[in-house]
Amino acid sequence: EDQVTQSPEALRLQEGESSSLNCSYTVSGLRGLFWYRQDPGKGPEFLFTLYSAGEEKEKERLKATLTKKESFLHITAPKPEDSATYLCAVLQAGTALIFGKGTTLSVSS
Amino acid sequence: EPEVTQTPSHQVTQMGQEVILRCVPISNHLYFYWYRQILGQKVEFLVSFYNNEISEKSEIFDDQFSVERPDGSNFTLKIRSTKLEDSAMYFCASSEEGRQTQYFGPGTRLLVL
């Protein structure tokens with residue numbers, strides 16, 4: 001059973017069409033939840049760290065929120081350059097990040 | 001802005017050969033990590049390293065793998081006898097002491113033939 005589940009697997013949006021990506025997790029004792037952006041053939045690029053339920057972080061068109069069981073990455077008025085795979089990862093005990101499979105976002109103009 | 005660098009960007013090797021993947025973590029970071037991503041799959045943790053020793057390793061990180069910090073700036077992953085299934089992107093990451101956020105490098109694409 002996956003500990004981190006992201007949905008949807010793929011999302012196609014028109015430029016300016018806002019939406020949300022979901023990351024649900026089943027780990028106990030969450031020490032942090034992380035959002036990364038990954039472009040094809042590249043390494044994960046850090047976006048946000050969330051530590052506790054109710055926390056929110058924003059950066060440009062992106063906003064990440066956290067509850068006790070899931071996190072959302074809200075994308076407001078996306079642009080084509082926001083097209084990428086968005087990865088969610090959690091830190092439970094130890095040092096190992098546990099990643100989800102990601103949501104591949106395509107934004108067309 | 002400081003970033004993690006990795007060399008080489010691509011490596012092709014024959015099955016059974018040894019490979020060494022190199023990483024230069026962000027300069028003031030003290031925790032170092034290796035992850036891998038098989039094409040089309042999740043990013044998977046291999047090993048973490050702190051204070052010149054392994055902190056944690058996954059089931060993937062068997063006796064074929066080893067890590068080393070040969071000097072003050074480099075961090076290496078060695079695969080002793082590569083297998084076809086070792087073909088993947090290998091990512092190095094680093095983090096500051098007391099901070100949970102891990103910053104990733106651009107990766108090395110390893111192809112084992």
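Every chain is numbered from 1, with letters handed out A, B, ... down the list of sequences.
- For a residue to count as touching a neighbouring chain, one of its non-hydrogen atoms must lie under 4.5 Å from one of that chain's; by this rule A:Leu91 touches chain B with the side chain only.
- For B:Asp63, the CG atom is loosely surrounded, since the number of other residues' heavy atoms within 6.0 Å does not exceed 12.
- Sorted by first then second residue, the disulfide (SG to SG under 2.5 Å) pairs that include residues 6-99 of chain A, not counting sequence neighbours, are A:Cys23-A:Cys88.
- Scanning all heavy atoms of the two residues, the minimum distance from A:Phe99 to B:Val43 falls at CB-O, 3.5 Å.
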Polar contacts chain B-chain A (donor-acceptor, d < 3.5 Å, no H, no angle):
residue	atom	partner	partner atom	Å
B:Tyr35	OH	A:Leu97	N	3.1
B:Gln37	OE1	A:Gln38	NE2	2.9
B:Gln37	NE2	A:Gln38	OE1	3.4
B:Ser48	OG	A:Thr95	OG1	2.6
B:Glu56	OE1	A:Thr95	N	2.6
B:Glu56	OE1	A:Thr95	OG1	2.7
B:Glu56	OE1	A:Ala96	N	3.4
B:Gln100	OE1	A:Arg31	NH2	3.3
B:Thr101	OG1	A:Thr49	OG1	2.6
B:Gln102	O	A:Tyr36	OH	2.6
B:Gln102	NE2	A:Thr95	O	2.9

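- Hydrophobic clustering keeps A:Leu30 apart from A:Phe72 (ILVMFWY residues linked when any side-chain heavy atoms are closer than 4.5 Å, directly or through intermediates).
- Two different hydrophobic clusters hold A:Val90 and A:Leu97 under the rule that ILVMFWY side chains link at heavy-atom gaps under 4.5 Å.
- Annotation: ring-ring contact (aromatic ring centres under 6.0 Å, His included) contacts of A:Phe48 (sequence neighbours excluded): none.
- Sorted by first then second residue, the disulfide (SG to SG under 2.5 Å) pairs that include residues 59-113 of chain B, not counting sequence neighbours, are B:Cys23-B:Cys92.
- Counting heavy-atom neighbours within 6.0 Å of B:Leu39 CG, excluding the residue itself, gives a total of 12 or less.
- Follow the hydrophobic side-chain contacts under 4.5 Å out from B:Phe45 and you never reach B:Leu21; the two are in separate clusters.
- With a threshold of 4.5 angstrom between heavy atoms, A:Leu87 approaches chain B through side-chain atoms but not through N, CA, C or O.
- Taking each heavy atom of B:Phe91 and A:Gly43 in turn, the nearest pair found is CE2-CA, 3.3 Å.
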